[in-house]
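Heads up, the thing below is written out as structure tokens.
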Amino acid sequence: MAVLARLGVIVVLWAVVAEGILDPVDFLALQAVRRSLDDMPGSSFFEAWDFTADPCGFPGVFCDGNKVSALALGDPPEGGVAGAALGRLSALTELSLVPGRVEGELPESLSSCRNLRFLAVSKNLISGQIPDGLGGLSNLRTLDVSFNQISGTIPASIATLPSITNLILCHNHLTGGIPSFPDSSPLIRLDLKHNDLSGGVPNLPSTLQYLSLSANRLTGTVDSVLPRLTRLNYLDLSMNQLDGPIPASVFTLPLSVLQLQRNFFSGLLQPANDVTIQVVDLSYNRFWGPVSPLLAGVGQLYLNNNRFTGEVPARLVQELVGSGGLQVLYLQHNFLTGIEISPASSLPSSVSLCLMYNCMVPPVYAPCPLKAGSTNTRPADQCPEWRG
């Protein structure tokens, strides 16, 4: 009877292959994938994986001829990564895991999938290190392992991938430095936020459009790095230990968001032309000198907790009170000495203004965020230029 049972399995497998449906190596690899993963409560994704039928018709399985070309697994899944089995899918171009509770390490065997273009396993429980072998996947365009528990350093070989356009490693436990990218890199999106990376910001390819390095331990200056990134539309370097000046050319980049808050940046802010970035957050730094009137075209402007002095430019007030483009103006915790606004002015309900803890008595009442504190004015001994 045992011999007959084994013959039955062989007959089923032979029938599938004979129809030219699926390569037997891929068939066995899919079986290993199925054994490693289960449905989470409420999901029935893997119930349809009945290996007496054509696996190319399974949910999440896509074939090109008799080979598996793409896997989109789970709704959501739990279990472990299928290890060596994935590396046997020689025609695989795309692999993605729906967010779930998949554990284990990224298998080194993925480096055998020479045609892999898209690898996305975000929001699972994957640990271990990024396999260095992934740096040999010359066709890889997207690598997204965000929101996992991956540790270790970023392999230098990942930065030299010749086709990589999206590198998303945020919300992990990565350490060490950011590797250098060659000028020829086609990278468009680099997202490394919320790790434990250290060292400086290296030279980055000019193709970048999205750069987020926030919530790490990065140090050093960026004044020689940022000006060459002329295609950037999103920049977030917040919550690091970066210092030095911000070059005026940064304000001419085609940015919609500029977030540099909670660093040690310093110096004067001197944009050369009107700034039209929708969100500019420079709070909790060490910028000093006057506030530039060229910032009046910003939509949300956060300059609080710096060392700005002088009067608030009239252009900013006009944009705010006149229901222009400026909707948020946070200036609290600076050393500003005045603002030209009538005490009888009624701010539009759609705008926010905070002036607390400067070298002046705020002439209008405007509710501030709780963390601004309750003290309206700086002590007089901190305001040598304040004349009452």
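Computed from heavy atoms alone, side chains included, the values below leave out hydrogens, waters and symmetry copies. For reference, positions follow the sequence shown, starting with 1.
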### Task
Mind listing the closest non-hydrogen atom pair of Pro313 and Ser292 along with its distance?
CG-C, 4.1 Å
### Query
With hydrophobic residues grouped by side-chain heavy-atom distances under 4.5 Å, do Tyr234 and Val279 end up in a single group?
yes
### Task
Take Arg114 and Asn139 through the test side chain to side chain contact (heavy atoms under 4.5 Å, CB included) and record every step on the way to the result.
CA-CA 7 Å; Arg114 311 305 293 181; Asn139 294 306; 5.7 Å; no
### Query
Under the side chain to side chain contact (heavy atoms under 4.5 Å, CB included) criterion, do Val361 and Asn376 qualify, and how do the steps go?
CA-CA 7 Å; Val361 177; Asn376 279 337; 5.9 Å; no
### Task
Tell me whether Leu232 is reachable from Val298 by hopping between hydrophobic residues (I, L, V, M, F, W, Y) whose side-chain heavy atoms are closer than 4.5 Å.
yes
### Query
Do the non-hydrogen side-chain atoms of Leu30 and Leu71 ever get within less than 4.5 Å of each other?
yes
### Query
Do Tyr330 and Gln332 have side-chain atoms, one donor and one acceptor, less than 3.5 Å apart?
no
### Query
Any donor and acceptor pair, going by atom type alone, linking the side chain of Asn148 with main-chain N or O of Asn124 inside 3.5 Å?
yes
### Query
Under the side chain to side chain contact (heavy atoms under 4.5 Å, CB included) criterion, do Leu134 and Ser157 qualify, and how do the steps go?
CA-CA 8 Å; Leu134 294 185; Ser157 59; over 6 Å; no
### Query
Is the shortest heavy-atom distance from the side chain of Tyr357 to the side chain of Pro379 under 4.5 Å?
yes
### Task
List the steps, then state whether side chain to side chain donor-acceptor pair (under 3.5 Å) holds for Asp144 with Thr142.
CA-CA 6 Å; Asp144 182 355; Thr142 295; over 6 Å; no
### Query
Should we say atom CZ of Arg34 is surrounded by more than 12 heavy atoms from elsewhere, each under 6.0 Å from it?
yes
### Query
Quick one: do Ile246 and Leu294 end up in the same hydrophobic cluster if we chain Ile, Leu, Val, Met, Phe, Trp and Tyr together by side-chain heavy atoms under 4.5 Å apart?
no
### From Gln259 atom CD to Ser212 atom OG, the distance as rounded to the nearest 0.5 Å
8.0 Å
### Message
Could you report the tightest heavy-atom contact between Leu174 and Asn195, atom names first, then the distance?
### Response
N-OD1, 3.0 Å
### Task
Taking all heavy atoms of Arg189 and all of Asn166, pick out the closest pair and write down the distance.
CB-OD1, 3.4 Å
### Short side-chain to backbone donor-acceptor contact, Asn216 and Ser214, under 3.5 Å
yes
### Query
Between Ser185 and Pro182, is there a donor-acceptor pair closer than 3.5 Å when you use the side chain of the first and the backbone of the second?
no
### Task
Check for a donor-acceptor pair, side chain of Asn263 on one end and backbone N or O of Asp243 on the other, with a separation under 3.5 Å.
no
### Task
Over all heavy atoms of both residues, which pair between Pro77 and Pro99 is shortest? Give the atoms and the distance, please.
CD-O, 4.1 Å
### Task
For residues Leu197 and Ile154, determine if any side-chain heavy atom of one lies less than 4.5 Å from a side-chain heavy atom of the other.
yes
### Query
Can you find a pair of side-chain heavy atoms, one from Asp236 and one from Val257, that are under 4.5 Å apart?
no
### Message
Out of the candidates Phe27, Phe51, Phe45, only one should pair with Phe58 under the ring pair (Phe, Tyr, Trp, His ring centres under 6.0 Å) rule; please name it.
### Response
Phe51
### Minimum-distance pair of heavy atoms, taken over all atoms of Val321 and Pro348
O-CG, 3.7 Å
#### Entry: Rounded distance [0.5 Å steps], CG in Asn233 versus CG in Leu258
12.0 Å
### Query
Any idea which heavy atoms bring Asp39 and Glu78 closest together, and the distance?
O-OE2, 3.7 Å
### Task
Taking the side chain as every heavy atom from C-beta outward, state whether Thr93 and Cys113 have any atom pair closer than 4.5 Å.
no
### Query
Should Leu336 and Trp288 be counted in the same cluster of Ile, Leu, Val, Met, Phe, Trp and Tyr side chains packed under 4.5 Å apart?
no
### Query
Is a donor on one side and an acceptor on the other found under 3.5 Å between the side chain of Asn115 and the backbone of Ser90?
yes
### Query
For His173, does its backbone N or O pair with a side-chain atom of Asp196 as donor and acceptor, under 3.5 Å?
no
### Message
Is there a side chain to side chain contact (heavy atoms under 4.5 Å, CB included) between Leu169 and Ile130? Walk through the geometry before answering.
### Response
CA-CA 10 Å; Leu169 312 180; Ile130 298 173; 4.1 Å; yes
### Under 3.5 Å: donor-acceptor pair, side chain of Asp274, backbone of Gly297
no
### Task
Measure from the side-chain N and O atoms of Asp223 to the backbone N and O of Gly244, and report whether any donor-acceptor pair falls under 3.5 Å.
no
### Message
Between Asp23 and Val25 (side chain of the first, backbone of the second, donor and acceptor by atom type, cut-off under 3.5 Å), is there such a pair?
### Response
yes
#### Entry: Minimum side-chain heavy-atom gap Leu242-Phe265 below 4.5 Å
yes
### Query
Does any non-hydrogen side-chain atom of Leu22 lie less than 4.5 Å from one of Cys63?
yes
### Heavy-atom donor-acceptor pair, Thr207 side chain to Leu187 backbone, under 3.5 Å
yes
### Task
Salt-bridge test for Arg228 and Asp183: reply yes if a basic N is under 4.0 Å from a carboxylate O, no otherwise.
yes
### Query
Do you see a donor-acceptor pair shorter than 3.5 Å between the side chains of Asp50 and Thr52?
yes
### Query
Given the rule that I, L, V, M, F, W and Y join up when any side-chain heavy atoms are under 4.5 Å apart, are Leu89 and Ile21 in one cluster?
yes
### Query
Around Glu340, counting heavy atoms of other residues, nucleotides and ligands shown, do more than 12 lie under 6.0 Å from its CD?
no
### Message
Can you confirm whether Arg35 sits close enough to Gln31 that some side-chain heavy atom of one is under 4.5 Å from a side-chain heavy atom of the other?
### Response
yes
